[in-house]
**Q** 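Shown below is the structure under consideration.
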Number of protein chains: 2
Amino acid sequence: MPATPENPPTDSVAPAASSTRDRILDAFAELLGEHGERAATLDAVAAAAGVSKGGLLYHFGSKEALIAGVLQRLAELVARDVEAIRASPAGPVAQLIRSSMATGSALDKALVATSRLAQASNSTARDALRAANDAWYQIVLESTGDPVLSRAIMLISDGLAYGSAFLPESMTPETAELTSSDIDDLVDLITEVTAQRSGH
Amino acid sequence: MPATPENPPTDSVAPAASSTRDRILDAFAELLGEHGERAATLDAVAAAAGVSKGGLLYHFGSKEALIAGVLQRLAELVARDVEAIRASPAGPVAQLIRSSMATGSALDKALVATSRLAQASNSTARDALRAANDAWYQIVLESTGDPVLSRAIMLISDGLAYGSAFLPESMTPETAELTSSDIDDLVDLITEVTAQRSGH
DNA sequence: GTCTATAACTTGATAGAC
DNA sequence: GTCTATCAAGTTATAGAC
């Protein structure tokens, strides 16, 4: 993608002036997340992006190309997130847990969309999810130095991510939506356990 | 399960003499789990079950009826599982964690199949998953008496379930497939933390 | 109960006008 | 760059024979 002074900083993740290409990608990810893979047809994506099917296919020549676009976007967002977690003042683990629940960020949307593709038997999507998980696990392991605890932390993170992504609305009292104070409690628990295990 | 050789088990979940109806339901759940919702077409299900499409539609008049069949099967299996967990000598929490990873049991298959449907925007499937989660959470809460810890345990269980269900094969070294000894470590960790928190 | 044939519709993709 | 046909293949469901 040629970036000239006239065609400004074309960061492919979240351009200031959303290009048609990006709108299409947004619409595809959104449909995947909200209504599943089967609903994310070319027709539906085109309509949601405000273009015709022909217009969509000019930018992405096939559905495969559309999928590749989402996966590439995910890879970029994960790379950024990894840096953000590493640089977090609150500590990597707290930052990871707090950012696990899907809140509608670009990364969340890309992750959910990729999960849907992975479950539709797309092995490239599965690989992308694994790569992201590996990166996060590595950070946690470096931070705690404790493999068992690190796994437990990753599983909690996964549980938060999947739960918020897959069972979004109207939960029952028992597993009612986790409030931010619930997350605080969770982080405290993990912090305490981490201190106890490293202290000994 | 009161099943005598003379009176073979005729419950609707997994009859010894698999009826056509059950074979169809098995095939549908299997296809949903292995290849996603989009691949679980009537054609594919019929072929996998060894009947024609017409034959399938004699037993389940529509795709909706097929879905209802899977959800009913799940409800029955969850009810049984709840009883088994409550009666477990090792304690409910250890039993729950150990049974979280999908190992191919009938319950696992029904859960995975229902997850796929839930992600295809089927709200009935979502409700079924929530009901199951509520039941398990209730058991854990009764066992530990500690809401924060119970949530952490449920999240670990969710993480195990989703991970094993959605990223099944060929994992990388970092998050390599959890061995049963890894699970042992995890259960030990949880047991210790539970003891510490209740002891104080 | 199970099959084949077929109707009605959706989906991904191509061709070509503007 | 974006649009409107248009097509071939696939999908759910019905009808009726055996």
**Q** Report the residues that fulfil ring pair (Phe, Tyr, Trp, His ring centres under 6.0 Å) with B:F28, sequence neighbours left out, ordered by chain and then residue number.
**A**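 With neighbours one apart ignored, the set is empty.
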**Q** Can you check the A:R23 CZ to D:dG1 P distance for me, whole Å?
**A**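 Between P of D:dG1 and CZ of A:R23: 13 Å.
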**Q** Does the side chain of B:R38 get closer than 4.0 angstrom to OP1 or OP2 of C:dT10 through an N or O atom?
**A**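 Checking C:dT10 against B:R38, no side-chain N or O comes under 4.0 Å of OP1 or OP2.
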**Q** Do B:L160 and B:L186 touch side chain to side chain, with heavy atoms closer than 4.5 Å?
**A**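 Heavy-atom side-chain distance check passes, below 4.5 Å.
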**Q** I'd like a list of close polar pairs between nucleotides 13-18 of chain D and the protein, N/O only, cut-off under 3.5 Å.
**A**
residue: D:dA13; atom: OP2; partner: B:K63; partner atom: N; Å: 2.9

**Q** Assess the side chains of B:E192 and B:Q196: does a donor N or O sit below 3.5 Å from an acceptor N or O?
**A**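 On atom types as modelled, these side chains do not qualify, holding no pair under 3.5 Å.
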**Q** Any idea which of C:dG1, D:dT11, D:dG1 is nearest the B:T41 side chain?
**A**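 Side chain of B:T41 sits closest to D:dT11.
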**Q** Whole angstrom is fine here: how far is it from CD1 in B:I24 over to C1' in C:dT2?
**A**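 Between C1' of C:dT2 and CD1 of B:I24: 10 Å.
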**Q** List in chain and number order the residues that pass salt bridge (Lys or Arg N to Asp or Glu O under 4.0 Å) with A:D185, two or more places apart in sequence or in another chain; answer none if no residue qualifies.
**A**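 With sequence neighbours excluded, A:D185 shows a salt bridge (Lys or Arg N to Asp or Glu O under 4.0 Å) to no residue whatsoever.
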**Q** So does A:T20 get a side-chain nitrogen or oxygen closer than 4.0 Å to the phosphate oxygens (OP1/OP2) of D:dG1?
**A**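 For A:T20, the contact criterion (side-chain N or O under 4.0 Å from OP1 or OP2 of D:dG1) is not met.
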**Q** Taking only residues two or more places apart in sequence or in another chain, which ones pass side chain to side chain donor-acceptor pair (under 3.5 Å) with B:T144?
**A**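 In terms of side chain to side chain donor-acceptor pair (under 3.5 Å), with neighbours along the sequence ignored, B:T144 is linked to B:S150.
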**Q** In whole Å, what is the span from the CZ atom of A:F28 to the C1' atom of C:dT11?
**A**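 Rounded to whole Å, this separation is 13 Å.
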**Q** Would you please name every residue forming a side-chain contact (heavy atoms from CB on, under 4.5 Å) with A:D108, sequence neighbours left out?
**A**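 A:D108 satisfies side-chain contact (heavy atoms from CB on, under 4.5 Å) with A:A102, A:T103, A:S105 only.
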**Q** Got a sec, which pairs hit salt bridge (charged side-chain N to carboxylate O under 4.0 Å, His left out) with one end in residues 55-71 of chain B, sequence neighbours left out?
**A**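 Sorted result for residues 55-71 of chain B: empty, none.
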**Q** Please report, rounded to the nearest Å, how far the C1' atom of D:dG10 is from the CD atom of B:E37.
**A**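 The distance from CD of B:E37 to C1' of D:dG10 comes to 15 Å, rounded to the nearest Å.
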**Q** Report the residues that fulfil side-chain contact (heavy atoms from CB on, under 4.5 Å) with B:S52, sequence neighbours left out, ordered by chain and then residue number.
**A**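 With neighbours one apart ignored, the set is empty.
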**Q** Output yes when at least one side-chain N/O atom of A:Y58 is less than 4.0 Å from OP1 or OP2 of D:dG1, else no.
**A**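 For A:Y58, the contact criterion (side-chain N or O under 4.0 Å from OP1 or OP2 of D:dG1) is met.
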**Q** Under 4.0 Å, heavy atom to any atom of DNA chain C: which of residues 44-52 of chain A qualify?
**A**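 Correct list: empty, so none.
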**Q** Between B:L56 (CG) and C:dG1 (C1'), how many Å, whole number?
**A**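 Taking atom C1' of C:dG1 as the reference, CG of B:L56 is at 13 Å.
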**Q** Distance check needed: C:dT6 P versus B:D43 CG, whole Å only.
**A**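 Checked: the CG to P distance equals 16 Å.
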**Q** Only pairs at least two apart or in different chains count here, so list each salt bridge (charged side-chain N to carboxylate O under 4.0 Å, His left out) that has a residue in residues 83-101 of chain A.
**A**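 Those involving residues 83-101 of chain A are A:R86-A:E142, A:R98-A:D184.
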